[in-house]
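In what follows, a structure is listed as structure tokens, so that the remarks can point back to it.
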Amino acid sequence: MAVIKSKLFVDRTNEIAKIDPRMWGSFTEHLGRSIYEGIYQPDHPTADKDGFRQDVINAVNQLNVPLIRYPGGNFVSAYNWEDGIGPKDQRPTRLDLAWSTIEPNQFGVHEFVKWCQNVNAEPDMAVNLGTRGIDAARNLVEYCNFPKGTYWSDLRRKNGAEEPFNIKVWSLGNEMDGDWQIGHKTASEYGRLAHETAKAMKIVDPSIELVASGSSLRTMPTFGSWEETILDHVYDDVDYLSLHQYYGNEANDLQGFLGKSVDFDGFINDVVAVCDAVKARKHSKKTINLSMDEWNVWYHSHAQDDAQAKWQHAPHLLEDHYNFEDALLVGSLAITLMKHADRVKIGCLAQLVNVIAPIMTETDGGVWFQSIFYPFMQVSQFGQGIALTPRQEVDTYHSADYDVPYTDSMMVYNPDTQEVVVFVENKASEAMDYEVHVDNMQLGQLVEATQFCGYDIKQTNENQEMKIQPLTNVKVDGNLVQSKLQPLSWNMIRVSVKND
Ligand code: AHR
């Protein structure tokens, strides 16, 4: 077989957009061990006076997540936020209907906001539009964001937070298109409720930003019409429309699995098209942006979860152990998000700790990083700045559903650090000659080059063997960058820029 080659062409004057740092957010839900035994475990040796595990805080800080969505997820659709405030010994224990578990409410809005401060993230607070609605949502905004002198704001102060939390981003429900959702609604029912709820929330605090709940998956039968109908109701109220997407490799088809980035790209394009069609029909000047507020691989734990006994507290649910091919897909989905930096402003890798997560905890031990931790850590740290339009010259392969380019690649120019960063994934099972041709900017020196490769595609990382390694064969010659990429590899190349 001939050596595979891939070329990336970028031009400094051809920008997609500045990447919103919130693209690299994450999500934590009252689900399994995400909160309890994940971020909150008062009897853990590393717990601080608030019960927060310091080993988890340190791990999350390495991931550099600027925004965290909470408290669900499916959980939020039957949640009473008032259960999670006030003295902990007086908080009720409830049935959580979303996951058939026991919820002791020892962690609520105060704990979440304080924990976010420990990891330098802003909250994205979801409100319950399943069993509840306008009243609970507007009270929660008043509780969190109103300074003082009213029932809910003074209750917050009594509960220990003199200053308002000033939560900016709010999600209007979760996956209301899915019949698994408690309080599932038709698009018209949800659209009406979301509109009236948004109206009340914005009267309490006009500075907040709102996310409408879009489709749970691209394959939902209502996909497309759901977006169109709900946007008819909420177009003027909201700033973002959400998308959720998880992929699995049940068919054990590596090339098909890695090709899911093409599906992800098409999903984003479709949602942008619907948003803009509604914009045109409404003669609106406003553009709705996207919040990809759940994305990841999720399938390894399904059988184990089906066998779990009901009504436990903090059971091991959705504890996927990710392997190397999962890390490759997460890397290429991250590149896809950067290609849509003009419209995707918020992203949440779902989730953060223990539940389909990059970070795992041992109840009586420490933390360990999953394979997917590594590419995500690199994009969250270095996928910052201006995304430049990528033009690739590379062969494609045909997977079950798509023609898939053998590489996904992308260059970002960061004016703050005066460097460009190339992310490139080689999806071929053989080495590849790779070139980047840059126009209208002067490249300087190689700053750093790394690769993540060489593992069996089914290898997981419980023993913490996986590492980002140096990529040693990179040459920068004028405005040409050349390298040889290892088979099935995730790579990052940082090069300084002479001037702008
Ligand atoms: O992240 C796990 C679940 O996936 C969330 O609760 C739900 O929103 C989605 O279906």
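Every number for a ligand or one of its atoms is a count from 1 in the order of the listing. Remember, predicted model here, so these are calculated numbers, not experimental data.
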Which residue holds the protein heavy atom closest to [atom], what is that atom called, and what is the gap in Å?
atom	answer
atom 1 (O) of ligand 1	Tyr246 OH, 2.8 Å
atom 4 (O) of ligand 1	Glu294 OE1, 3.1 Å
atom 10 (O) of ligand 1	Glu175 OE1, 2.7 Å

[X] and ligand 1 - part of the residue with a heavy-atom distance under 4.0 Å:
X	result
Ile356	side chain
Trp295	neither
Asn74	both

| request: Over 60° means perpendicular and under 30° means parallel, so classify the ring planes of Trp81 and Tyr143, tilted if in between. | output: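 If you compare the ring of Tyr143 with that of Trp81, the planes turn out tilted.
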- Item | Any side-chain donor near an acceptor of the partner, Gln308 and Gln312, under 3.5 Å |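 A pair is found: one side chain offers a donor N or O, the other an acceptor, under 3.5 Å apart.
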Note to self: If only side-chain N and O atoms count, and only distance matters, is there a donor-acceptor pair under 3.5 Å linking Asn174 with Ser77?
What the structure shows: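 Result is no, nothing qualifies.
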Review point. Should we count NZ of Lys286 as having more than 12 external heavy atoms under 6.0 Å?
Key: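 Yes, enclosed.
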Show me which atoms of ligand 1 lie under 4.0 Å from any heavy atom of [X].
X	value
Asn174	7 (C), 8 (O)
Phe27	1 (O)
Gly73	5 (C), 6 (O), 8 (O)

Could you check whether any side-chain N or O of Asn461 sits under 3.5 Å from a backbone N or O of Phe369, counting only pairs where one atom can act as donor and the other as acceptor?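 Checking the backbone N and O of Phe369 against the side chain of Asn461, a donor-acceptor pair under 3.5 Å is found.
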Within the distance-only criterion (no hydrogens, no angle test), does the side chain of Asn269 pair as donor or acceptor with the backbone N or O of Ala273 below 3.5 angstrom?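 Between the backbone of Ala273 and the side chain of Asn269 there is no qualifying donor-acceptor contact (under 3.5 Å).
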Q | Polar contact flag for Trp298 and ligand 1 (N/O pairs, less than 3.5 Å) | A |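 The answer is no, given that Trp298 and ligand 1 share no N or O pair closer than 3.5 Å.
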Practice prompt. May I ask you to check whether Glu29 has an N/O atom sitting below 3.5 Å from an N/O atom of ligand 1?
Written response: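 It does: an N or O of Glu29 is found under 3.5 Å from an N or O of ligand 1.
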* Asked: Is the shortest distance from a Lys or Arg side-chain nitrogen in Glu37 or Arg53 to a carboxylate oxygen in the other one below 4.0 Å?
  ->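 Salt bridge flag = no for Arg53 with Glu37.
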For Tyr70 and His30, run ring-ring contact (aromatic ring centres under 6.0 Å, His included): C-alpha distance rounded to whole Å, both residues' side-chain angles, the deciding distance at 0.1 Å, then the answer. CA-CA 8 Å; Tyr70 169 88; His30 286 249; 5.3 Å; yes
